[in-house]
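Written below as structure tokens is the structure these notes are about.
Per chain, numbering begins at 1; letters A, B, ... match sequence-line order. Keep in mind that this is a model prediction, so the values were computed, not measured.
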Protein chains: 4
Amino acid sequence: MARGINKVILVGNIGQDPETKFMPSGGAVTNVSVATSESWKDKNTGQPQERTEWHRVVFFNRLAEIAGEYLKKGSKIYVEGSLRTRKWQGQDGQDRYTTEIVASEMQMLDGRGGDSNQGGYDQGGYDQSQPQQRQPAAQQRQAPQQNQAPQQGGYQQAPQQQPQQPQGGGFDSFDDDIPF
Amino acid sequence: MARGINKVILVGNIGQDPETKFMPSGGAVTNVSVATSESWKDKNTGQPQERTEWHRVVFFNRLAEIAGEYLKKGSKIYVEGSLRTRKWQGQDGQDRYTTEIVASEMQMLDGRGGDSNQGGYDQGGYDQSQPQQRQPAAQQRQAPQQNQAPQQGGYQQAPQQQPQQPQGGGFDSFDDDIPF
Amino acid sequence: MARGINKVILVGNIGQDPETKFMPSGGAVTNVSVATSESWKDKNTGQPQERTEWHRVVFFNRLAEIAGEYLKKGSKIYVEGSLRTRKWQGQDGQDRYTTEIVASEMQMLDGRGGDSNQGGYDQGGYDQSQPQQRQPAAQQRQAPQQNQAPQQGGYQQAPQQQPQQPQGGGFDSFDDDIPF
Amino acid sequence: MARGINKVILVGNIGQDPETKFMPSGGAVTNVSVATSESWKDKNTGQPQERTEWHRVVFFNRLAEIAGEYLKKGSKIYVEGSLRTRKWQGQDGQDRYTTEIVASEMQMLDGRGGDSNQGGYDQGGYDQSQPQQRQPAAQQRQAPQQNQAPQQGGYQQAPQQQPQQPQGGGFDSFDDDIPF
DNA sequence: TTTT
DNA sequence: TTTT
């Protein structure tokens, strides 16, 4: 249940191939960066200006699997979700904050999706509202990786349960501290 | 002009009285924190849980003046805007990032607004898209203040004019105190 | 699954007490009209103008019960939903079309809701995405009523199944032809 | 100024080439139908079902010119706008109502736009909020055409001024009764 | 880092 | 009437 409205709508292209990881529960987590941009003319010089905004989008469970499988660098997508700001500790021990969009719906907007569309995926919309805890095959847990200086923050501790869309499985604890 | 869609819609209550500052240009800048929350029952224990999300919202120019004048701690508002992540330097010299919602529209959702509603303000919606250069009065520029440990970042320098909604005219100086 | 996005967001006041009816399946259906308005100054005469738009909103099942129980004339609400245009036959046998917003989420925006808030309803948000087919007690079917010149159309025939949010119960046929 | 929020967001394909007409003021008006669809499985039979919703979208002025020039049957677009229900008289003298989305923003979502992109149009987003009353050249008024049995209504009388986005030019009266 |  |  919600008190208030916390809604984000994005249409943009993703900057890199998505990264999918798995939670101990088996649920997938996929992160992408989505670019939107604004262009305008400088009022004084008349010079064209452009500013690109990068949005960290995180998908869970079924949406994460779809995102991980079908999106790739350059894909144009529609994303609907909510804002969540996570607190984490920098290597200097200081608190950092990262704001992400937790996706609740995603649609691919690219035309004919090349080779990505075999296998029964019918290029429609995916809504987390009817989660069908599908256990992805071959979900070998990723080996711990070096903390790669996240753009604007990253998990340092096990992430909190995300309340947005309560899932069937557990979701509780990560056994290492470099979750995704 | 935009490439892509970058849209945020919030309905929530503001956590503190707004803070309005002025840019060198004379344009107002008002910051508020807006709370939205989610509640759910823990799947295992059945315990009720709640998570409150705080959103940093920034208003510019006319909207900033209205926000500064009429909003107060606890006000319920509708906000529409876009996400912007700013980079700033922590006191340790390290880069920090703060994500804010740059408001393009705001509406007060509280009932008859007590004493805030005399003076011709008719409790409607405010949209930055049709700026009607109204000259507000008596807004002595705030004295420089100490950098008060921002929640998740803050201006370090005088804020830049926000390119989001380029204004046609100057917008620089206000000379009287009756904004609208 | 969706192809494309069909989303409506309204914030407005309802014009009359809601009307709740029940489907043969027992599911509730509540209709309200929501007003939004625009005001502006005539470019030539400078006269203030106002236009109020009325939106037909329909709630199903749990949302319908909540709407029917807690909303009343004048209530300010947030509604999110999708557009649906229904075809029906006028008494002259001609086709008519009515466009409605099928609500998927609703929040009451009024302050402490007077006496409407006892009974466990905690004035939050209601989302149809986790339907908990509650069988409303005392759902005596309303007696057929006169077709009261609907604002912009009304069901003449049994309404089609609404695919938006598939429900558990049947939903198929009404045994009278003035459903709501 | 707005009291309340009246917002529609669509992503879909247009069903036919757009039709652009011009108002006496010279402002363009373009209409398109946008399809969105939902598919699901019948709960009883398990049969796949689909429902397509058609949305009447109207663009004014600059957006209308862009829509008229660059959109074509099958184009995928993002549209943001507001709902407006118009009243008109059927040929039987009876009132009819048609609900449309008055677009305030449009973006083309198709990939490289084929031949439509020469001439300086840079395939970005178009926002009516900074109207730059461009007088389209060669805007020979369309000859009156037969009232082609509109899908769900059509103007019979001169349309009212559309208050949404007040424009600079006149906008007042049509000299024939089959406006668009 | 995308896209135009 | 689109699209898959």
Just to be sure I understand the rule, does D/Thr52 reach a base, reach only the sugar-phosphate, or reach nothing, if contact means heavy atoms closer than 4.0 Å? base
Just how far, in rounded Å, is [atom2] of [N] from [atom1] of [X]?
X: D/Ile14; N: F/dT1; atom1: CD1; atom2: C1'; answer: 10 Å
X: D/Gln107; N: E/dT4; atom1: CD; atom2: C1'; answer: 11 Å
X: D/Ile77; N: F/dT2; atom1: CD1; atom2: P; answer: 15 Å
X: D/Leu109; N: F/dT4; atom1: CG; atom2: C1'; answer: 16 Å
X: A/Gln16; N: E/dT1; atom1: CD; atom2: P; answer: 8 Å
X: D/Leu10; N: F/dT1; atom1: CG; atom2: C1'; answer: 16 Å
X: D/Met108; N: F/dT2; atom1: CE; atom2: C1'; answer: 15 Å
X: D/Asp110; N: E/dT4; atom1: CG; atom2: P; answer: 12 Å

Measure the distance between the ring centre of A/Trp54 and the centre of the six-membered base ring of E/dT2, then answer whether it is under 5.5 Å with planes under 30°. no
F/dT1, E/dT2, F/dT4: which one has an atom nearest the side-chain heavy atoms of D/Lys73? F/dT1
Which nucleotide sits closest to the side chain of A/Asn13: E/dT2, F/dT2, E/dT4? E/dT2
Is the shortest distance from a Lys or Arg side-chain nitrogen in A/Glu38 or A/Arg51 to a carboxylate oxygen in the other one below 4.0 Å? no
Please determine if C/Glu80 and C/Lys7 form a salt bridge, counting it only when a charged side-chain N lies under 4.0 Å from a carboxylate O. yes
Do A/His55 and A/Thr36 get their side chains close enough for a donor-acceptor pair, meaning under 3.5 Å? yes
Can you find a pair of side-chain heavy atoms, one from B/Gln94 and one from A/Arg96, that are under 4.5 Å apart? yes
